[in-house]
Protein chains: 2
Amino acid sequence: MGPVFSQTSSDPVRLTDAMRSVFVELLVHGPLSRAEVARRLALSPSALTKLTKPFIEAGYLLEASGEGPATVGRPSQPLQVDASRMSFVGIKLTADELFAVRTDLSATVRMETSRPLADHEIDHVLGQIVEVVEELTVPGPLSAVGISLAGTATPADPVVHTSPFLGWSQLPLATLVEEAVSVPTVLDNDVRALTAVQQWFGEGVGHSSFALVTVGAGLGCGLVVGDRLVTGQSGATGLIGHLQIDDRGPMCERGHHGCARAYATSPAIRRSIATTLDRPELTFDDCLAMAADGHPVARRVLDEAGAALGQVVATIANIAGPELVVLSGESVHMYDVCAEAFHTALARHTHWTSTPVRVVVKPFAFNEWARGAAVTALQHLLLHR
Amino acid sequence: MGPVFSQTSSDPVRLTDAMRSVFVELLVHGPLSRAEVARRLALSPSALTKLTKPFIEAGYLLEASGEGPATVGRPSQPLQVDASRMSFVGIKLTADELFAVRTDLSATVRMETSRPLADHEIDHVLGQIVEVVEELTVPGPLSAVGISLAGTATPADPVVHTSPFLGWSQLPLATLVEEAVSVPTVLDNDVRALTAVQQWFGEGVGHSSFALVTVGAGLGCGLVVGDRLVTGQSGATGLIGHLQIDDRGPMCERGHHGCARAYATSPAIRRSIATTLDRPELTFDDCLAMAADGHPVARRVLDEAGAALGQVVATIANIAGPELVVLSGESVHMYDVCAEAFHTALARHTHWTSTPVRVVVKPFAFNEWARGAAVTALQHLLLHR
DNA sequence: TCCCGTTTGTTCATGTTGTCAAGTAAATGA
DNA sequence: TCATTTACTTGACAACATGAACAAACGGGA
């Protein structure tokens, strides 16, 4: 983190592991008294006085003076991270567009913007990224930039290994961006970035293991085990799209029968209803509305989608045993229309010695992917610099 | 670890985290020079002189004086753990028998024994356990006892939460044994214990993430992610037995169609072939021999079993992304008869953006389960005491 | 053969980092 | 008012690891 935290411009603070963990604890678990942080991190109270002092002097921690619940003894003096002291830009790349947000330390979105991607030439994409970063730098300097995309990439490595949608392989994107904008830049897989948001600022807070399942144009799965975000071999995340639901169902685009993505992704659901009814103009949300109204074809397709999703979640829970599964993604709202089929399938496919895993549905904002990229940058800066 | 390591009886050595990590590094990664350990653990060379000295003086580490590969510079002086300095007993409980081994620090089996379990009354089982521990204590005192069983139990907790096969729930078995034999005792799930063996002394050495899949009377899955053995919610491990292979195949004992265990466990394979041919006397190994000889029915059943297993492994790999999958269990030798079907299915169900995970087949000795329990005890003693 | 470079391992002074003990501060409750 | 409880601070101290300097043990030239 080097010069990131500095008391004065001439006296940079060196961060120890203990300082880092205190800062992260306060960032993630909100205002806490020194005594409480000491208990959580198994440190002595005196250690906390010393560990927090430089942060307070530099303005990164504030004494929140908000009174806790009235109790005997001296009232505690909660500390809070001043979220405005750092800013991050997160960028999500898709095949035809680029979404970007500027967030503060608490991952609150402060600005957002986007650009079309006319093609996937590196120069063009890089130009658009630089433009967006410059636009979002106007209110003040950035601490880090995060870029997320579907494909294999990790914060540990400045290179995009493969990205089928963008047609890239072995592209040192982080290096190129970092040189162009002079801000530390990290890459990550989009689903893992979204999982990072849940881990620090969402439903995953307080859980040492949970899974995130996304529903949208595809299916995705991110996993946190033992408080650590899992990075699969070569940077892949949970590849659940082609998990087989049965062996004779609809065919996915790669020729498998009964893949989960042939049942539960929004394009598959829309197409299935639209072709059965020969009404090609129907949108995905039209289909959801029809199912909610009890239209038999839409109802059947969404029941199957919910069942497929329930089976996917049960399979993940059986293998990894998370405390919680968070459902998210552009199409999570379909849950409202197929919750019953989902939970029936979840219970049916959960191993009989377990109770079904707790499932939380997280409404999805369109800029959530870009926010994920910002959190990736934030985590990387705070933990690994 | 308190009094475990002692230079003299009156001068017990207090262990720091650094000492622990050095000792474990040497135990798991074999003879290494101080300089090499220093590099691996990111410590200074001088730290290693100090950290190893008490172990050497107490006789837990030996200067192996074996010359490494001839190279420039001063030859290194490899250090090695004296495996004989500690002994462990591991006990595997099944529905009708108890297997036990005595091992040294390197998990080498030095003695083994067993007892029938006439019933599952706690007093009877406890009596047999105590008898076995006393028999295995004859050559010298024990450092710890580990007990493994199918069900939900973890080293962190002295209580068996549930064990369907033994009909137990909420039984404080570790406490009872510990009081009876006066040796620290830990429990664990049997599959996780077996995974621990692979992690420290088997194919998992050198891999920060891998999965163990067992084939036998059931199917099991243990997972190591980020160098940590995963403990699912409530102490369960990978519950892959009822993973659905298709929706119309043979029915498992819980009424599901096409469960993995209806295809790939040894009883299911044997029964399928024996009933089809109306030859109830056939053993599982008879069935394997028939398939190897090309008998059409046996061939088909084993191809289906291999395919099911391949799909299970692919699913695990897709979700958790391990570097390696180790196949083991009482019936792994069936792999020889269905390797082709296995790898075809593995490739078919592996997500198209990945290459199939590397699979290693680990021959299984009948006392391997008990050895796992011993390793659980060893790990717990070395890491958490 | 004799130095030189290289790597290993040790010793000792130094410095960082967190704990302990003691004391101060700020509330509640009798 | 004063004891009790909890929070926080301060300074002495102990633990642990590092860095520098050095000894040891080898191979490889000149």
Side-chain angles (χ1 to χ4, degrees), chain A residues 1-2 5 7 11-26 29-58 61-80, chain B residues 1-2 5 7 11-26 29-58 61-80:
Chain A
M1 218 176 299
F5 292 101
Q7 290 178 285
D11 180 17
V13 177
R14 275 230 327 279
L15 284 186
T16 65
D17 285 347
M19 289 176 76
R20 244 188 271 275
S21 61
V22 166
F23 191 78
V24 170
E25 188 70 25
L26 284 166
H29 296 275
L32 292 173
S33 69
R34 284 169 247 254
E36 177 60 23
V37 175
R39 280 187 292 266
R40 288 173 180 235
L41 301 182
L43 291 169
S44 66
S46 57
L48 257 108
T49 300
K50 286 176 205 169
L51 290 170
T52 54
K53 190 182 288 176
F55 286 116
I56 292 172
E57 284 173 355
L61 288 181
L62 304 174
E63 301 197 315
S65 78
E67 63 288 348
T71 172
V72 296
R74 172 176 171 174
S76 63
Q77 219 173 335
L79 296 177
Q80 197 175 2
Chain B
M1 217 177 296
F5 292 101
Q7 290 177 286
D11 181 18
V13 177
R14 275 231 326 281
L15 284 186
T16 65
D17 285 347
M19 290 175 75
R20 244 189 271 277
S21 62
V22 167
F23 191 78
V24 169
E25 188 70 23
L26 283 166
H29 297 275
L32 292 173
S33 68
R34 284 169 246 253
E36 178 60 23
V37 175
R39 280 187 292 265
R40 288 174 179 235
L41 301 182
L43 291 168
S44 66
S46 55
L48 258 108
T49 300
K50 283 181 212 160
L51 291 170
T52 54
K53 190 182 286 176
F55 286 117
I56 293 172
E57 285 173 355
L61 288 181
L62 304 174
E63 301 198 313
S65 79
E67 63 288 349
T71 172
V72 295
R74 172 174 171 173
S76 64
Q77 218 173 337
L79 296 177
Q80 196 174 1

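Keep in mind that the numbers below use all heavy atoms, side chains included, and drop hydrogens, waters and symmetry copies. Throughout, protein chains are lettered first and strands after them, A, B, ... in sequence-line order, and every chain is numbered starting at 1.
- At a threshold of 4.0 angstrom between heavy atoms, the contacts of A:Leu51 are confined to the sugar-phosphate backbone, with no base atom among them.
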CA sep, side-chain torsions, deciding dist, call: B:Leu51, B:Leu43, side chain to side chain contact (heavy atoms under 4.5 Å, CB included): CA-CA 10 Å; B:Leu51 291 170; B:Leu43 291 168; 3.9 Å; yes
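- Each of A:Ala47 and B:Pro45 lies near DNA chain C, and the nucleotide nearest B:Pro45 is the one positioned closer to the 5' end.
- B:Ser33 approaches B:Ser76 most closely through the heavy-atom pair CB-CB, 3.4 Å.
- Two end axes, each from the C1' atoms of five base pairs, can be drawn for the helix from C:dT1-D:dA30 to C:dA30-D:dT1; they diverge by 10°, to 10 degrees.
- If you measure from atom CG of A:Leu43 to atom P of D:dT9, you get 15 Å, rounded to the nearest angstrom.
- Checked against D:dG11, D:dA20, D:dA17, the side chain of A:Ser46 finds its nearest nucleotide in D:dG11.
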Please list, for nucleotides 2-5 of chain D, all pairs of protein and nucleotide N/O atoms separated by less than 3.5 Å.
unit_1, atom_1, unit_2, atom_2, d
D:dT5, O2, A:Gly73, N, 3.3

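- Two residues are said to be in side-chain contact when any heavy atoms from C-beta on lie closer than 4.5 Å; B:Leu79 and B:Val37 fail this criterion.
- Across all strands, A:Leu48 comes closer than 4.0 Å to no nucleic acid atom at all (heavy-atom distances).
- Mapping B:Pro75 and B:Ala18 onto DNA chain D by nearest heavy atom places B:Ala18 at the nucleotide closer to the 5' end.
- First and last contacts of DNA chain C with chain A, using any nucleotide atom under 4.0 Å from a protein heavy atom and ordered 5' to 3', fall at C:dT17 to C:dT28.
- The NZ atom of B:Lys50 sits 13.5 Å away from the CZ atom of B:Arg34 when rounded to the nearest 0.5 Å.
- Side-chain atoms of A:Lys50 and base atoms of D:dT10 include no donor and acceptor less than 3.5 Å apart.
- In this structure the side chain of B:Leu61 reaches within 4.5 angstrom of the side chain of B:Phe23, judged on heavy atoms.
- Considering CZ of B:Arg40 and OG of B:Ser21, their distance stands at 12.5 Å, rounded to 0.5 Å.
- Summarising the geometry, the separation between CG on B:Asp17 and C1' on D:dA17 is reported as 13 Å, rounded to the nearest angstrom.
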Trace of the side chain to side chain contact (heavy atoms under 4.5 Å, CB included) decision for A:Leu48 with A:Leu41: CA-CA 10 Å; A:Leu48 257 108; A:Leu41 301 182; 5.8 Å; no
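- A:Arg34 has its CZ atom 14 Å from the C1' atom of D:dT10, to the nearest Å.
- Atom CG in B:Leu41 sits roughly 15 Å away from atom C1' in D:dC16 (whole-Å rounding).
- Expressed to the nearest 0.5 Å, how far CD of B:Glu36 lies from NE2 of B:His29 amounts to 10.5 Å.
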Side chain to side chain contact (heavy atoms under 4.5 Å, CB included) assessment of B:Thr16 paired with B:Met19: CA-CA 5 Å; B:Thr16 65; B:Met19 290 175 75; 3.4 Å; yes
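- Residue contacts shown for A:Ala38 are absent, as no nucleic acid heavy atom lies under 4.0 Å away.
- Within the model, atoms CD of A:Glu57 and OG1 of A:Thr52 stand 9.5 Å from one another, a figure rounded to the nearest 0.5 Å.
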